[in-house]
Amino acid sequence: MVRAIVGANWGDEGKGKITDMLGESSDVIVRFQGGSNAGHTIINKYGKFALHLLPSGVFYGHTTSIIGNGVALNIPYLCEEIKSLVDRGVPEPRILVSDRAQIMMPYHILFDEYEEERLGKKSFGSTKSGIAPFYSDKYAKIGFQVSELFDEALLKEKVWRVLEQKNILLEHMYHKPQLNPEEIYQTLLSYRDMVAPYVTDTALFLHGALKEGKTVLLEGQLGTLKDPDFGIYPMVTSSSTLAAYGAIGAGIPPYEIKDIICVVKAYSSAVGAGEFVSEIFGDEADELRKRGGDGGEFGATTGRPRRMGWFDAVATRYGCLMQGATEVALTVLDVLGYLEELPVCVGYEIDGKVTRDFPVTAKLAKAKPVYEKLPGWKCDIRGVKTYSELPENCRRYIEFIEKEIGTPITMVSNGPAREDIIRR
Ligand code: GDP
């Protein structure tokens, strides 16, 4: 059985916590897209961790963690992340890396920086982890597959060939120092030695695991609104954030994905530029940012303050729809206990007309939020274990959201820890 955990919004919905929690009853946990550009925050008995590349299941002794073929694999980063866990007392996790995953090259990160610098005010607000140049090269067919590290003649020829093109761009477009092919080649050989212990045909491994009746968890990064096809293009990420892409990025049959858990945040937050209809500003935003998440809403990778907003039912309904959500985990609800009333964005007004359907980016830019206000519950709900114990106004908020998004909310998260969860 395959289960996917994916985001309905702009990312940072708390997927890491849900994956960590459901990892307990899983055998295999797979990252299928993205790279080290986003972070999951996990709190468990070993401490507090911000994972960027490793799946959130690495804390369990019984799980196998897979870096799938769809991931942008930063090899030194992976090795450092593994070391940072082991150094803090986490047992050495069992990690497999797809031989078809492609490698984040040192120059991808440079090109990401140079391009953002060149764009200046028009930049994408990239995390500068090299993601866009990486996926551009993958689809331009000049990326490097892990398997290619193990064929020196092929590797050498390819490094010299690809760098010819890169150096023209560096010299004439960015006016930056050129790359030395011998140096890049040597770096790749060192990458080969670092990654070798983990490399295997992970798709084959997964097919075998499924045949044996194992439970596989696909761990998504970011959320629907950052998907290159269905998100707020072009302010999106460069690989698909949808559960459906899990089949490709992991190498499993699409019909095996039986359960799609969409993680939905009880309010909105986003990092980076892009349309954000229910965004709030000033003191109101500062207050929510300060109270949000676990110790404030700041990016797990960049430390940047997140943009804040009220719950957006239009964006979230669409987010769940495009994910194909079978159930929803509603997170960080505890944070909202301070509010007298809670505005929920239930429609977008565009050119004088109100719509409940999430539009294309050009129309989004003109959208104004239409709010409905719900009464607050004015108390701390952390520590509550059952749904019926929640204050009435809190249940009303949950049930209102459930009706708006049209997907059953089966889990409510009321704190950052693994056990802060109310199942319905
Ligand atoms: P992810 O990328 O979707 O995994 O999200 P992040 O980990 O970047 O952001 C979620 C933040 O909220 C982290 O700091 C979590 O520890 C925290 N968090 C997750 N669930 C809850 C919750 O129910 N309540 C509170 N207060 N914090 C939570």
Side-chain angles (χ1 to χ4, degrees), residues 4-23 29 31 33-44 46-59 127 129 217-226 237 241 243 261-272 287-308 311 316 319 323 328-339 380-385 387 390 394 397-398 401 409-423:
I5 297 178
V6 286
N9 309 120
W10 296 262
D12 307 318
E13 297 93 349
K15 296 175 295 294
K17 175 197 154 160
I18 303 294
T19 312
D20 180 55
M21 205 184 82
L22 296 177
I29 303 176
R31 277 284 311 266
Q33 46 85 225
S36 60
N37 52 324
H40 292 305
T41 315
I42 293 157
I43 299 166
N44 56 31
Y46 300 106
K48 181 172 174 175
F49 297 86
L51 293 182
H52 300 282
L53 194 53
L54 286 171
S56 304
V58 286
F59 299 99
T127 59
S129 315
L217 208 63
L218 299 175
E219 178 178 12
Q221 180 214 40
L222 297 169
T224 307
L225 305 174
K226 293 281 187 181
T237 193
T241 57
I261 302 173
C262 221
V263 184
V264 166
K265 199 160 176 160
Y267 52 90
S268 300
S269 73
V271 260
E287 182 74 29
L288 185 55
R289 186 179 301 110
K290 197 175 76 199
R291 294 171 177 270
D294 176 46
E297 289 282 359
F298 299 91
T301 303
T302 55
R304 289 186 286 190
R306 289 177 182 152
R307 297 162 66 196
M308 309 304 299
F311 185 83
T316 308
Q323 290 288 11
V328 161
L330 185 70
T331 58
V332 291
L333 189 63
D334 51 302
V335 165
L336 302 178
Y338 73 99
L339 291 161
D380 187 3
I381 58 161
R382 278 213 195 174
V384 172
K385 295 285 173 206
Y387 190 69
L390 285 172
C394 182
Y397 186 70
I398 297 167
I401 287 176
I409 296 175
T410 56
M411 287 174 262
V412 175
S413 174
N414 60 336
R418 210 181 250 179
E419 50 288 347
D420 296 327
I421 198 87
I422 299 167
R423 290 178 191 264

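Every number for a ligand or one of its atoms is a count from 1 in the order of the listing. These values consider heavy atoms only, across backbone and side chains, with no hydrogens, waters or symmetry-generated copies.
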A.B. asks: Checking K385 now: which residues fulfil side-chain hydrogen bond (donor to acceptor under 3.5 Å, both in side chains) with it, not counting sequence neighbours?
C.D. replies: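 Listed in chain order: nothing, the list is empty.
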
A.B. asks: May I ask you to decide whether D12 forms a salt bridge with K265, counting only side-chain N to carboxylate O separations under 4.0 Å?
C.D. replies: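 Answer for the salt bridge query: no.
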
A.B. asks: Is the shortest N/O to N/O distance between G11 and ligand 1 below 3.5 Å?
C.D. replies: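 Between G11 and ligand 1 (N or O atoms, distance only) the closest approach is not under 3.5 Å.
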
A.B. asks: Under 3.5 Å, is there a donor-acceptor pair linking the side chains of T331 and E13?
C.D. replies: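 Judged by distance alone, the side chains do not pair up.
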
A.B. asks: In chain order, what residues pass the side-chain hydrogen bond (donor to acceptor under 3.5 Å, both in side chains) check against D334, with sequence neighbours excluded?
C.D. replies: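 For D334, the residues satisfying side-chain hydrogen bond (donor to acceptor under 3.5 Å, both in side chains) (neighbours in sequence not counted) are R382.
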
A.B. asks: Can a donor-acceptor pair be found, under 3.5 Å and without considering hydrogens, that links the side chain of N37 to the backbone of T127?
C.D. replies: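 Checking the backbone N and O of T127 against the side chain of N37, no donor-acceptor pair under 3.5 Å is found.
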
A.B. asks: Using a 4.0 Å cut-off to any heavy atom of V335, which atoms of ligand 1 qualify?
C.D. replies: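 Close to V335: 26 (N).
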
A.B. asks: Does at least one non-hydrogen atom of D420 fall below 4.0 angstrom from an atom of ligand 1?
C.D. replies: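 No; D420 lies far enough from ligand 1 that no heavy-atom distance drops under 4.0 Å.
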
A.B. asks: Under 4.0 Å, counting heavy atoms only: does R382 come that close to any atom of ligand 1?
C.D. replies: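 Yes.
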
A.B. asks: Quick check: does K15 get an N/O under 3.5 Å from an N/O on ligand 1?
C.D. replies: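 Looking only at distances, the answer is yes, because the N/O contact criterion of under 3.5 Å is met.
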
A.B. asks: Using 30° and 60° as the class boundaries, would you call the ring planes of Y46 and F59 parallel, tilted or perpendicular?
C.D. replies: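 Ring orientation, 0 to 90° scale: parallel.
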
A.B. asks: Report yes if I43 has an N/O atom closer than 3.5 Å to an N/O atom of ligand 1; otherwise report no.
C.D. replies: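 No, there is no polar N/O contact under 3.5 Å.
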
A.B. asks: Could you tell me whether ligand 1 has any atom less than 4.0 Å away from a heavy atom of R306?
C.D. replies: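 Yes, R306 has heavy atoms under 4.0 Å from ligand 1.
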
A.B. asks: Salt-bridge test for K17 and D420: reply yes if a basic N is under 4.0 Å from a carboxylate O, no otherwise.
C.D. replies: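 No, K17 and D420 are not salt-bridged.
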
A.B. asks: What do you reckon, does T331 have a nitrogen or oxygen under 3.5 Å from a nitrogen or oxygen of ligand 1?
C.D. replies: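 In fact, backbone or side chain, T331 has no N or O that close.
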
A.B. asks: Using a strict 4.0 Å cut-off to heavy atoms of K17, name the atoms of ligand 1 that fall inside it.
C.D. replies: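 Checking each atom against K17, I get 20 (N).
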
A.B. asks: Output yes when the distance from some N or O of ligand 1 to some N or O of G14 is under 3.5 Å, and no in every other case.
C.D. replies: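 Checking ligand 1 against G14, an N or O pair does fall under 3.5 Å apart.
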
A.B. asks: Quick one: do the N9 and T316 side chains pair a donor with an acceptor below 3.5 Å?
C.D. replies: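 Yes, T316 and N9 have a side-chain donor paired with an acceptor closer than 3.5 Å.
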
A.B. asks: Please say whether the positively charged group of R304, taken as NZ for Lys or CZ for Arg, lies over the ring of F298, i.e. under 6.0 angstrom from the six-membered ring centre and within 45 degrees of the axis.
C.D. replies: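 Judged by the rule (NZ or CZ under 6.0 Å from the ring centre, within 45° of its axis), R304 is not positioned above F298.
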
A.B. asks: Could you tell me whether ligand 1 has any atom less than 4.0 Å away from a heavy atom of G415?
C.D. replies: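 G415: in contact with ligand 1 (<4.0 Å).
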
A.B. asks: For atom 23 (O) of ligand 1, which of the options G223, G16, G293, S413 provides the nearest non-hydrogen atom?
C.D. replies: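 Among G223, G16, G293, S413, the closest heavy atom to atom 23 (O) of ligand 1 belongs to S413.
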
A.B. asks: Side chain, backbone, both or neither: which part of D334 comes within less than 4.0 Å of ligand 1 when only heavy atoms are counted?
C.D. replies: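 Near ligand 1, D334 shows its side chain, while the N, CA, C and O stay back.
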
A.B. asks: Using a strict 4.0 Å cut-off to heavy atoms of E13, name the atoms of ligand 1 that fall inside it.
C.D. replies: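 Close to E13: 3 (O), 5 (O).
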
